[in-house]
Amino acid sequence: MQKSNIVVGLDIGTTKVCVVVAEKDEVGKLNILGKGRTDSEGLQRATVVNINKTVDAIKSAVADAERESSIRIKGVNVGISGAHVHCINSNSEISVNQSGVVNASDVKRFLEKAKTNIRYLDIDHEIIHVIPQEFIVDDQEGVLDPIGMAGTTMRGSAYIVVGMKTKIRNIKQCVEKAGLEVNAMTFEPIASGLAVMKKSEKKSGVVIIDIGGGTTEVAIYIDGAIRFSEVIKVAANDVTHDVAYGVKALYEVAEELKIKHGFAYSKERIEDEEILIDGIEGRPCKSFMKSSLTLIIEARMMEIFELIREAVKRSGYFEYLNAGAVITGGGSLMPGTDTLASNILGLDVRTGFPEGVSGGIKGAINNPIYATVMGLVAYSFENSDFQDSDVIDLRDGQTEPVDAEESHLEGETGRKIVDRLKDWWEKL
């Protein structure tokens, strides 16, 4: 089937749902056609807890993206995360086909063999996707793309992402109830890394840290391949809860304080000032110093980066992170976060923004909060996880084809037509 040049990424997060519609330009960079973003209340720690609220948020974000892009969205690459997702390194070895030159079929057999080599995959879990790490063709090591190489045997390793079936099913159910098709699912730490990493970092060794609302995701890349990942159940929402508790304010007020006045590192010189907030339900106004707010925020941010440091040390790859760390996600935006991260992790740190974007509404997504959804788009292009039926392009005045059994269901008139046809058919 002919492939489309337009893909859609859907990031269903704890605090927000983001949709991005993009196409590739003539030099292979992303041209952003439209985006949608809405608040999310149906997830906790990246896990669906309310189907209806999640479906409504998806519909709202998709509608905004469709209006902005003039693209009718059908298929999406949806991100998946949460503590239920874990990754397994699996070794594999196969004989190269009779021609003695590695082809795509050999790579496919290699990955299938890696899947079958997994032990202890119980009935409650399923494989989300399989990512090759490295290949060894005969005695040639460190091969990232073996196709076209001559040899008799090919061995190596793959990174297999596994998740709990029920939680995966809930995500799919939300997407389908919103009128979309799940074209692919991608582990979000992989997507975030793909969006913000530079090629030199991926090769040199880097840890990607995505601080979201409900979870913090960690992914380590060494020699061009992912080697380790982990989802930590402490993130930006916990900072907001601490602020609300510390200053005795509503959650919404605490979130606004964090965004407007928040600072993550108390040792950096900041101009102290008095902050006034309204009392709850008509109670008197309260005041406190910005330095006090900073101490509240810093304590929780320190915990997050200490947990990250423990995970990185546990991975065994800490000494190989020559490019240091890239922090991204909404939780990376607070001033002082990069300095605090560098001090606790003992690594060089930079804040990651989406890479490889050429035009369209480029400025609108030049923000770490769009790292995951931009990575989902990039992953779709990289792995051809899309088809010409995934979107309908309405930019040039084209009209969407009408299906007599589908377009109808959204309107009362259409439903009446379908009922009338059914009555007519039964009478025959």
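Note that this is a predicted model, so its numbers are computed, not measured.
At a cut-off of 3.5 Å, with distance as the only test, no side-chain donor of S229 or E217 sits close to an acceptor on the other residue. Using modelled atom types and a 3.5 Å distance limit, the side chains of T15 and N237 yield no donor-acceptor pair. Side-chain atoms of D272 and S291 form a donor-acceptor pair, as typed in the model, at a separation below 3.5 Å. Side-chain atoms of D25 and S358 form a donor-acceptor pair, as typed in the model, at a separation below 3.5 Å.
Here M164 contributes atom CE and I168 contributes atom CD1; the two are 9.5 Å apart, rounded to the nearest 0.5 Å. The CD1 atom of I369 lies 10.0 Å from the CG atom of D11; values are rounded to the nearest 0.5 Å. I297 CD1 to S266 OG: the interatomic distance, rounded to the nearest 0.5 Å, is 11.0 Å. The OG atom of S92 lies 9.5 Å from the CD atom of E112; values are rounded to the nearest 0.5 Å. If you take CG on N97 and CG on D106, they are separated by 4.5 Å, rounding to the nearest 0.5 Å. Here CG of N91 is found 11.5 Å from CD1 of I118. Values are rounded to the nearest 0.5 Å.
Annotation for A235 and G213: closest pair CB-O, 3.5 Å, computed over non-hydrogen atoms. The shortest non-hydrogen separation linking S60 to T38 is OG-OG1, 3.7 Å. When every heavy atom of A254 is checked against every heavy atom of T240, the shortest pair comes out as CB-O, 3.6 Å. The shortest heavy-atom contact between V96 and G151 is CB-O, 3.5 Å. Contact record, V377 with A22: CG1-CB, 3.6 Å, taken as the closest heavy-atom pair. Heavy atoms only, all atoms of each residue included: A83 and V231 are closest at N-CG1, 4.1 Å.
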Take N89 and Q133 through the side-chain hydrogen bond (donor to acceptor under 3.5 Å, both in side chains) test and state the conclusion after the steps.
CA-CA 9 Å; N89 289 301; Q133 290 181 311; 2.9 Å; yes
Give the intermediate values and the outcome of salt bridge (Lys or Arg N to Asp or Glu O under 4.0 Å) for residues E303 and R300.
CA-CA 5 Å; E303 180 193 8; R300 181 65 78 170; 2.7 Å; yes
Determine, stepwise, if the pair V162 / I128 fulfils side chain to side chain contact (heavy atoms under 4.5 Å, CB included).
CA-CA 6 Å; V162 176; I128 299 171; over 6 Å; no
D210 vs T328, test: side-chain hydrogen bond (donor to acceptor under 3.5 Å, both in side chains). Steps then yes/no.
CA-CA 5 Å; D210 188 340; T328 191; 5.5 Å; no
Determine, step by step, whether E66 and R72 satisfy the salt bridge (Lys or Arg N to Asp or Glu O under 4.0 Å) criterion, reporting the C-alpha distance in whole Å, the side-chain angles of both residues, the deciding distance to 0.1 Å, and the verdict.
CA-CA 6 Å; E66 288 183 331; R72 172 73 165 87; 3.7 Å; yes
Worked verdict on R314 versus E230 for salt bridge (Lys or Arg N to Asp or Glu O under 4.0 Å)
CA-CA 11 Å; R314 193 166 54 249; E230 187 167 310; 2.7 Å; yes
Determine whether Y265 and D338 satisfy the following criterion, side-chain hydrogen bond (donor to acceptor under 3.5 Å, both in side chains), listing intermediate values before the conclusion.
CA-CA 9 Å; Y265 189 47; D338 52 352; over 6 Å; no
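Contact check for I58 versus L10: side-chain heavy atoms found under the 4.5 Å cut-off. Side-chain contact between V8 and V20 is absent, with no heavy-atom pair separated by less than 4.5 Å. Proximity of I327 to T337: side-chain heavy atoms (C-beta onward) are separated by under 4.5 Å at one or more points. Residues V21 and I6 have side chains in contact (heavy-atom distance under 4.5 Å, counting atoms from C-beta outward). In this structure, the side chains of I80 and E188 stay at 4.5 Å or more apart for every pair of heavy atoms. Considering only heavy atoms from C-beta on, V326 comes within 4.5 Å of V206 through its side chain. Side-chain contact between Q173 and I51 is present, with heavy atoms from C-beta onward closer than 4.5 Å.
No donor-acceptor distance shorter than 3.5 angstrom exists from the side chain of N367 to the backbone of F353, with no hydrogens or angles considered. Under a 3.5 Å cut-off, the side chain of N5 and the backbone N or O of K24 do form a donor-acceptor pair. Looking only at distances, a side-chain donor or acceptor of S204 sits under 3.5 Å from a matching main-chain atom of S200. Looking only at distances, a side-chain donor or acceptor of R227 sits under 3.5 Å from a matching main-chain atom of I222. Within the 3.5 Å criterion, the main-chain N or O of P189 finds no donor-acceptor partner in the side chain of S192. Side chain of T14 to main chain of Q44: no donor-acceptor pair is present (N/O by atom type, distance under 3.5 Å, no hydrogens or angles). Using a distance-only test at 3.5 Å, with no hydrogens or angles considered, no donor-acceptor pair links the side chain of Y370 to the main chain of C18. A donor-acceptor pair is defined here as one N or O able to donate and one able to accept, closer than 3.5 Å; no such pair exists between the side chain of Q140 and the backbone of V137. The backbone N or O of A236 sits less than 3.5 Å from a side-chain atom of K258, completing a donor-acceptor pair. Using a distance-only test at 3.5 Å, with no hydrogens or angles considered, a donor-acceptor pair links the side chain of S380 to the main chain of L376.
Ring centroids of Y379 and H129 are separated by less than 6.0 Å, placing the two rings close together. H125 has its ring centre no less than 6.0 Å from the ring centre of H84.
Other residues, nucleotides and ligands place more than 12 heavy atoms under 6.0 Å from the OH atom of Y251. In N50, the CG atom is crowded: over 12 heavy atoms of neighbouring residues, nucleotides or ligands sit closer than 6.0 Å. The 12-atom threshold is not exceeded at OH of Y320, counting heavy atoms of other residues, nucleotides or ligands nearer than 6.0 Å. Heavy atoms of other residues, nucleotides or ligands lying less than 6.0 angstrom from NZ of K29 number 12 at most. The neighbour count for E273 CD, taken as heavy atoms of other residues, nucleotides or ligands under 6.0 Å away, is above 12. Annotation: E306, atom CD; neighbour count of heavy atoms from other residues, nucleotides and ligands within 6.0 Å is above 12. Counting non-hydrogen atoms of other residues, nucleotides and ligands closer than 6.0 Å to NZ of K290 gives a total above 12. Counting non-hydrogen atoms of neighbouring residues, nucleotides and ligands closer than 6.0 angstrom, the CG atom of D39 reaches no more than 12 such neighbours.
A salt bridge links R67 to D64: at least one charged side-chain nitrogen sits closer than 4.0 Å to a carboxylate oxygen. Between E93 and K113 there is no salt bridge, since no side-chain nitrogen of the basic residue lies less than 4.0 Å from a carboxylate oxygen of the acidic one. Between D56 and K53 there is no salt bridge, since none of the side-chain N atoms of the basic residue sits less than 4.0 Å from a carboxylate O of the acidic one. A salt bridge links D238 to R45: at least one charged side-chain nitrogen sits closer than 4.0 Å to a carboxylate oxygen.
Taking the centre and axis of the six-membered ring of F110, the NZ or CZ atom of K108 falls outside the cone set by 45° and 6.0 Å.
For R37, the salt bridge (charged side-chain N to carboxylate O under 4.0 Å, His left out) criterion is met by no residue, not counting sequence neighbours. Every residue two or more places apart in sequence or in another chain was checked for a salt bridge (charged side-chain N to carboxylate O under 4.0 Å, His left out) with E126, and none qualifies.
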